[in-house]
Amino acid sequence: AQSVTQLDSQVPVFEEAPVELRCNYSSSVSVYLFWYVQYPNQGLQLLLKYLSGSTLVKGINGFEAEFNKSQTSFHLRKPSVHISDTAEYFCAVSDKRNTPLVFGKGTRLSVIA
Amino acid sequence: DVKVTQSSRYLVKRTGEKVFLECVQDMDHENMFWYRQDPGLGLRLIYFSYDVKMKEKGDIPEGYSVSREKKERFSLILESASTNQTSMYLCASSAPRSTEAFFGQGTRLTVV
């Protein structure tokens, strides 16, 4: 069964600084990878996804992630964060279509003015 | 846009009550899911369904059941609520042969 590890439970960062949220998954022949964001008292919203093709994936709100098969990683990055990026971020994986996503435990990003 | 609607944002129930959490999606999705979210534990899958009247257990089904009588509606049932079921419950749906899930706003359930 797939598993996902988000290496940092909390990440504080100053406004306009770059940020990287780390995600590793258990190995599989093929994977589908996702990052979701959850703002306070909200459901989850898709940030970006990797299904196939280019390993660099661009998402909404200036976020991007890179799929690295050899390191089984899918780290999320943003070059300059805003206060409004304060939220919880979840990495998720599936190893085939039409199966439920497996989620990591989440990383709470706090952007400090 | 896909819309997944959960009937309540906040619920407070007493121990031993039977609790129904309702979820409706408007995109004709075949697949529907119930997750539970707790601090430090992320999202854990309770039950899912790929078709009407069909259900499969997820990772933590104990204490829960589900009902899918219509394609658009997926209900989570707590037969006898307990305090350890105090949590945020998230419903999601996805299209056939897809993996991307669309989520509702969540129901924060408190059992006292």
Side-chain angles (χ1 to χ4, degrees), chain A residues 1-11 21-26 28 30-52 57 59-60 65 67 74 87-108 110, chain B residues 1-10 21 23-25 29-51 54-61 66 74 88-110:
Chain A
Q2 279 286 354
S3 65
V4 178
T5 302
Q6 291 184 243
L7 295 155
D8 305 297
S9 59
Q10 297 188 60
V11 173
L21 306 184
R22 296 180 292 168
C23 173
N24 287 87
Y25 61 92
S26 54
S28 180
S30 65
V31 287
Y32 306 104
L33 293 155
F34 301 79
W35 276 98
Y36 284 84
V37 60
Q38 184 182 37
Y39 299 105
N41 296 315
Q42 300 287 323
L44 273 67
Q45 177 184 354
L46 182 69
L47 265 182
L48 48 80
K49 60 187 176 186
Y50 170 80
L51 302 180
S52 65
V57 180
I60 62 171
F67 170 56
F74 190 55
E88 189 147 23
Y89 293 79
F90 291 95
C91 182
V93 65
S94 176
D95 56 10
K96 52 187 173 182
R97 293 184 187 271
N98 218 39
T99 58
L101 291 174
V102 175
F103 284 84
K105 294 183 178 181
T107 297
R108 186 169 298 277
S110 299
Chain B
D1 275 354
V2 176
K3 191 153 186 189
V4 180
T5 304
Q6 294 183 231
S7 54
S8 304
R9 293 292 303 276
Y10 302 94
L21 303 183
C23 175
V24 176
Q25 49 92 5
H29 282 172
E30 308 255 336
N31 310 327
M32 296 189 75
F33 313 88
W34 275 105
Y35 289 88
R36 171 178 170 160
Q37 181 184 6
D38 299 288
L41 297 179
L43 277 73
R44 294 178 291 166
L45 183 66
I46 305 173
Y47 268 96
F48 59 103
S49 168
Y50 289 141
D51 203 350
M54 176 269 178
K55 61 184 179 183
E56 292 210 27
K57 293 180 180 179
D59 299 318
I60 52 164
V66 289
F74 191 36
M88 170 75 109
Y89 290 88
L90 292 162
C91 176
S93 71
S94 69
R97 296 174 299 283
S98 172
T99 309
E100 179 181 346
F102 297 85
F103 282 83
Q105 294 287 79
T107 296
R108 189 168 294 281
L109 173 68
T110 303

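Please read all numbers here as calculations on a predicted model, not as lab measurements. Just so we're on the same page: letters track the sequence lines, and every chain starts at 1.
- Taking both residues in full, the closest heavy atoms of Ser94(A) and Thr99(B) are given as CB-CG2, 3.3 Å, listed atom of the first, atom of the second, then distance.
- Put simply, of Glu30(B), Arg9(B), Arg108(B), the one with the most heavy-atom pairs under 4.5 Å next to chain A is Arg9(B).
- Proximity to chain A (any heavy atom under 4.5 Å) is shown, for Tyr89(B), by neither the backbone nor the side chain.
- Both the backbone and the side chain of Leu43(B) come within contact range of chain A, judged by heavy atoms closer than 4.5 Å.
- At a 4.5 Å heavy-atom cutoff, Ala92(B) makes no contact with chain A through either its backbone or its side chain.
- Both the backbone and the side chain of Leu44(A) come within less than 4.5 Å of a heavy atom in chain B.
- Tyr47(B) has its side chain out of reach of Pro100(A): every pair of non-hydrogen atoms, C-beta onward, lies at least 4.5 Å apart.
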Can you check side-chain contact (heavy atoms from CB on, under 4.5 Å) on Phe48(B) and Thr99(A), steps first, answer last? CA-CA 9 Å; Phe48(B) 59 103; Thr99(A) 58; over 6 Å; no
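- Using a 4.5 Å cut-off between heavy atoms, Glu88(A) contacts chain B through its side chain alone, with no backbone atom that close.
- Looking at Gln45(A), neither its backbone nor its side chain comes within 4.5 Å of chain B, counting heavy atoms on both sides.
- Taken to the nearest 0.5 Å, the CD atom of Gln38(A) stands 9.0 Å off from the CZ atom of Phe103(B).
- The CZ atom of Phe102(B) sits 7.0 Å away from the OH atom of Tyr36(A) when rounded to the nearest 0.5 Å.
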Yes or no on side-chain contact (heavy atoms from CB on, under 4.5 Å) for Phe33(B) and Leu101(A), after CA distance, side-chain angles and deciding distance? CA-CA 10 Å; Phe33(B) 313 88; Leu101(A) 291 174; over 6 Å; no
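- Between the Arg44(B) side chain and the Phe103(A) main chain, no donor and acceptor come within less than 3.5 Å of each other.
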